[in-house]
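Just so it is clear, the values below take in all heavy atoms, side chains as well, and ignore hydrogens, waters and symmetry mates.
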Amino acid sequence: MSDQGSARDASASSLYLTIAPVALTAAVYISIFLILRKSHRRYYAPRTYLGSLRESERSPPLPTGLLNWFGTFWKISDYHPLQHQSLDAYLFLRFLKILIVICFVGCCITWPVLFPVNITGSAKKTQLDLLTYANIDNATQYNRYYAHVFISWIFYGFVMYMIIRESIFYVNLRQAFLLSPMYSNRISSRTVLFISVPDDYLDQARLRKVFGDSVKNIWIVGETKELDKLVKERDNVAMRLEKAEVKLLKLANQERLKAIKKGAADERAEAPIDAESGSLAARWVPPKKRPTHRLGFLGLVGEKVDTITWCRSQLEHLIPDVEKAQGAYRNGDYKKINSVFIEFTDQAEAESAYQVLAHHKALQMTPKYIGITPGEIVWSALKVSWWQRVVRRFAVIGFISALIIFWAIPVGVVGIISNISSLEKISFLTWIGKIPEVILGFVQGLLPSVLMSILLSLVPVVMRLCAKLAGEPSLSRVELFTQNAYFAFQVIQVFLITTLTSAASAAAYTIFQHPEQATSLLSENLPRASNFYISYFIVQGLGIAASILSQVAGFVIFNLIYKYLSGTPRALYNQWAQLSAISWGSVMPVYTNIAVISITYAGIAPLMLGFATIGISIFYLAWRYNIFFVTDTKVDTRGLIYPRALKQLFAGIYIAELSMIGLLATSVAIGPLVLMIAFLVFTALLHTTINSAIDPLLYNLPRSLAEEEIARTRTGGSVENGEEKEIHDGETATNGSSPNTVKGKKVGMFAKFLKPWEYCDYETLRKLVPHHGNDVYSLYAQEVERDAYYPPSVTSGTPLLWIPQDPMGISKQEVNDTSKVIPITDEGCTLTDKNKIDWDTETVRPPVWEEKIYY
């Protein structure tokens, strides 16, 4: 076994050959970022100035030097996204910091004890395997396993404390945020969605009778299939008309520029009011060259028509038809669907309705959701009946389970590749021994990690589709569903399957010769599988983190689309003003899984914790920059991604404990085995207790704090022990700094860390809530409040067409002619002498700009 364990042990060479190319790639990425950041502010610092963001949402600008910006960047408080972006963005960065703390403290706990214990073992392992559990001879040194058990107890206990501590912190922070005026007065905070409402309750009068006088507005969801088609057709025709108008202007301007080059005068005429439609354009563009299209399949066959004339004629009847259908829906002339949005007078009443049992029959008027904004509703999911929801849920769970199982085949191949040198003794694989060491190290180190990243890229897309098919009613719920499903996929495929196949392949030949030694061989080779994850962490921490920071591919795509594929002013504006968003459901599980792997190997191969600390730290810096200066929050889960990720860390503790139990059992170390089983029981009991105590606080808001906030609103003061206390200006921490004093006393770091229930309580965290611009978040125009939870097709207005102004005055004539059918403007954009569209990207808001409504 010792010969097999040391034969062609490429652990160190694989590590070197992984670090070298990944470090080189990372250096290239970071160099590109440092160079481009200076001159491409739109892509690398849009949150500092972009007009589509309010002043309160922007980040402070950084120095434009090559390296002098980092000091300023580092000094910006971690609470900045909490104040200027979203709860999710802040908690995502906090989660990465917590993982760094866990891994670093894990190094401090395990390395001083387990490294000497493992290194001085007598199992004759070499290179990186010398530092693992496998280097202990279970025949003569089994007492050393007590060190692994007790150190594991300390580390797992610390991880569980961190989960409890952060859960308490999250509960208090969530309550402080959602009960603050900035959130509590929003329509979404006062509105509850009821699913599977019985037909006889699809009546406003009856619903008001059930929920009382606190009901303010009721939106009974209706079928909008025909209206959706009409609105889609109207918008498609309108956008086709806009593109045709822009194309006509560019064709005419191109001909003018050609004429000027040939010596003609630069004519700039204006059409008389009574001029024939298109007369100015006709001077430059003959009828045969005007924009045209065919009416048949995909525009490839059928009658050829003039696009501008045809679109105008279509819109003459489409626009009135849409308005008529929208009016009919508003008047209640539609088929009702078994879902209802009910807005209450205040947040406390909405929470009461959300927490109460609404109907006496099972699966009726349930599930319920609060805090869903109109823009994130999955309208197709509201049509799903209660029994279809049950069937779909089981079907989706079955499909995802099958996906995870069968995905094991390609992932298993990756695991085998990571230990391919161990297969050379098999008769038909002896050629592996002839591969040069350098190439073999590359194949075992870098290649499996890259293949794993490629394999995982498509899975979240499938998970989101499954979530919508299962009947999740909002995009935030879709992200939370994806977070759970993708985490299960990550743990089973990226971790368990890869670990087991890597360990099995390493011992395959010996197991084939001596099947009775299978368990002992696997226990010996399981720690060696950690070498793959060291390479995986290097690829993730250096390569992937550097690519996240530099966003080279995204930068190229953005510029290609903006410069060459955006042919209208609207397309240019949309590309310019739209910030990239983070998909929480597919991002969080990656780092949770890294933490799970690190926790599992803490007592087996503690070196992993060091690489995890470095890798997650680099990720933290990359994401910190992106969240502060680049990305935006499109889907807001109100912070629920955080407790879900914290709970998922328990998976790492359970797997770690079961792994230790399995290894100790195969090593026949009875004493350590009994101690580890006892700690597993303790973990399960603690986990159950935590869930029962904290779960209700994760999803509901307490009435007691709601009443205190109402008292504050009435008096403009704070409430302590039932008494009102005046708050003076400057006492609230609106600058993003952490509150470090309690009742005039400065709080020490360790006190805050060890007593979160006292120093990170509701009153303390309430000071972090932003207080700027509350009117923006709580005051709504009458029509906005009336239409809030109508389907999008009901509230969709006729689009305003936007074309560039040209030197010949053709755009003015086109505006005059087209405006008789649909709104159109040529303001805020011009055609240049290079026939390019030019618009002011910084100082003037374009005509198609719409003020963001914070529902």
Are any of the side-chain heavy atoms of [X] and [Y] separated by less than 4.5 Å?
{"X": "L698", "Y": "K647", "result": "yes"}
{"X": "M160", "Y": "F650", "result": "yes"}
{"X": "V171", "Y": "I694", "result": "yes"}
{"X": "W153", "Y": "M676", "result": "yes"}
{"X": "F487", "Y": "V596", "result": "yes"}
{"X": "I594", "Y": "L99", "result": "no"}
{"X": "L680", "Y": "Y654", "result": "yes"}
{"X": "I136", "Y": "N118", "result": "yes"}

Kindly give the heavy-atom pair with the smallest separation between [X] and [Y], and that separation in Å.
{"X": "A147", "Y": "V117", "value": "CB-CG2, 4.1 Å"}
{"X": "I641", "Y": "M588", "value": "O-CE, 3.8 Å"}
{"X": "A545", "Y": "I618", "value": "CB-CG2, 3.5 Å"}
{"X": "D88", "Y": "G639", "value": "OD1-N, 2.8 Å"}
{"X": "L649", "Y": "A595", "value": "CD2-CB, 3.6 Å"}
{"X": "A693", "Y": "L697", "value": "O-CD1, 4.2 Å"}

Over 12 foreign heavy atoms within 6.0 Å of [atom1], [X]:
{"X": "Y29", "atom1": "OH", "result": "no"}
{"X": "K634", "atom1": "NZ", "result": "yes"}
{"X": "Y620", "atom1": "OH", "result": "yes"}

Drop me the distance from [X]'s [atom1] to [Y]'s [atom2], to the nearest 0.5 angstrom.
{"X": "T637", "Y": "E479", "atom1": "OG1", "atom2": "CD", "answer": "8.5 Å"}
{"X": "H148", "Y": "Y145", "atom1": "NE2", "atom2": "OH", "answer": "7.5 Å"}
{"X": "K97", "Y": "S617", "atom1": "NZ", "atom2": "OG", "answer": "11.5 Å"}
{"X": "L640", "Y": "L91", "atom1": "CG", "atom2": "CG", "answer": "9.5 Å"}
{"X": "F92", "Y": "W623", "atom1": "CZ", "atom2": "CH2", "answer": "5.5 Å"}
{"X": "L621", "Y": "I548", "atom1": "CG", "atom2": "CD1", "answer": "12.0 Å"}

Give a yes or no on whether the backbone of [Y] and the side-chain of [X] come within a donor-acceptor separation of less than 3.5 Å.
{"X": "T631", "Y": "N626", "result": "yes"}
{"X": "Q483", "Y": "P589", "result": "no"}
{"X": "E376", "Y": "S476", "result": "yes"}
{"X": "Q85", "Y": "I627", "result": "yes"}

Requested in this report: Show your reasoning for whether side chain to side chain contact (heavy atoms under 4.5 Å, CB included) applies to T633 and W584.
Outcome: CA-CA 9 Å; T633 299; W584 306 118; 4.2 Å; yes
Over 60° means perpendicular and under 30° means parallel, so classify the ring planes of [Y] and [X], tilted if in between.
{"X": "F682", "Y": "F679", "value": "tilted"}
{"X": "F33", "Y": "Y44", "value": "perpendicular"}
{"X": "F619", "Y": "Y591", "value": "perpendicular"}
{"X": "F558", "Y": "Y43", "value": "tilted"}

Looking only at side-chain N and O atoms, does [Y] offer a donor or acceptor that is under 3.5 Å from a partner on [X]?
{"X": "Q490", "Y": "Y486", "result": "yes"}
{"X": "W69", "Y": "Y625", "result": "no"}
{"X": "H84", "Y": "S59", "result": "no"}
{"X": "T592", "Y": "R644", "result": "no"}
{"X": "Q648", "Y": "N593", "result": "no"}

Query raised in the report: F169 ring centre to R94 NZ or CZ under 6.0 Å, with the angle to the axis within 45°?
Result: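 That pair qualifies as a cation-pi contact.
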Requested in this report: Step by step, work out the side chain to side chain contact (heavy atoms under 4.5 Å, CB included) result for Q83 and S77.
Outcome: CA-CA 10 Å; Q83 302 264 328; S77 170; over 6 Å; no
Report task. For the pair I32 and F555, evaluate side chain to side chain contact (heavy atoms under 4.5 Å, CB included) and give the outcome as yes or no after the intermediate values. Result -> CA-CA 11 Å; I32 292 172; F555 174 77; over 6 Å; no
Query raised in the report: Are the aromatic rings of F155 and F158 close, with centres under 6.0 Å apart?
Result: no
Query raised in the report: Can you check side chain to side chain contact (heavy atoms under 4.5 Å, CB included) on Y642 and R174, steps first, answer last?
Result: CA-CA 11 Å; Y642 190 60; R174 179 177 185 270; over 6 Å; no
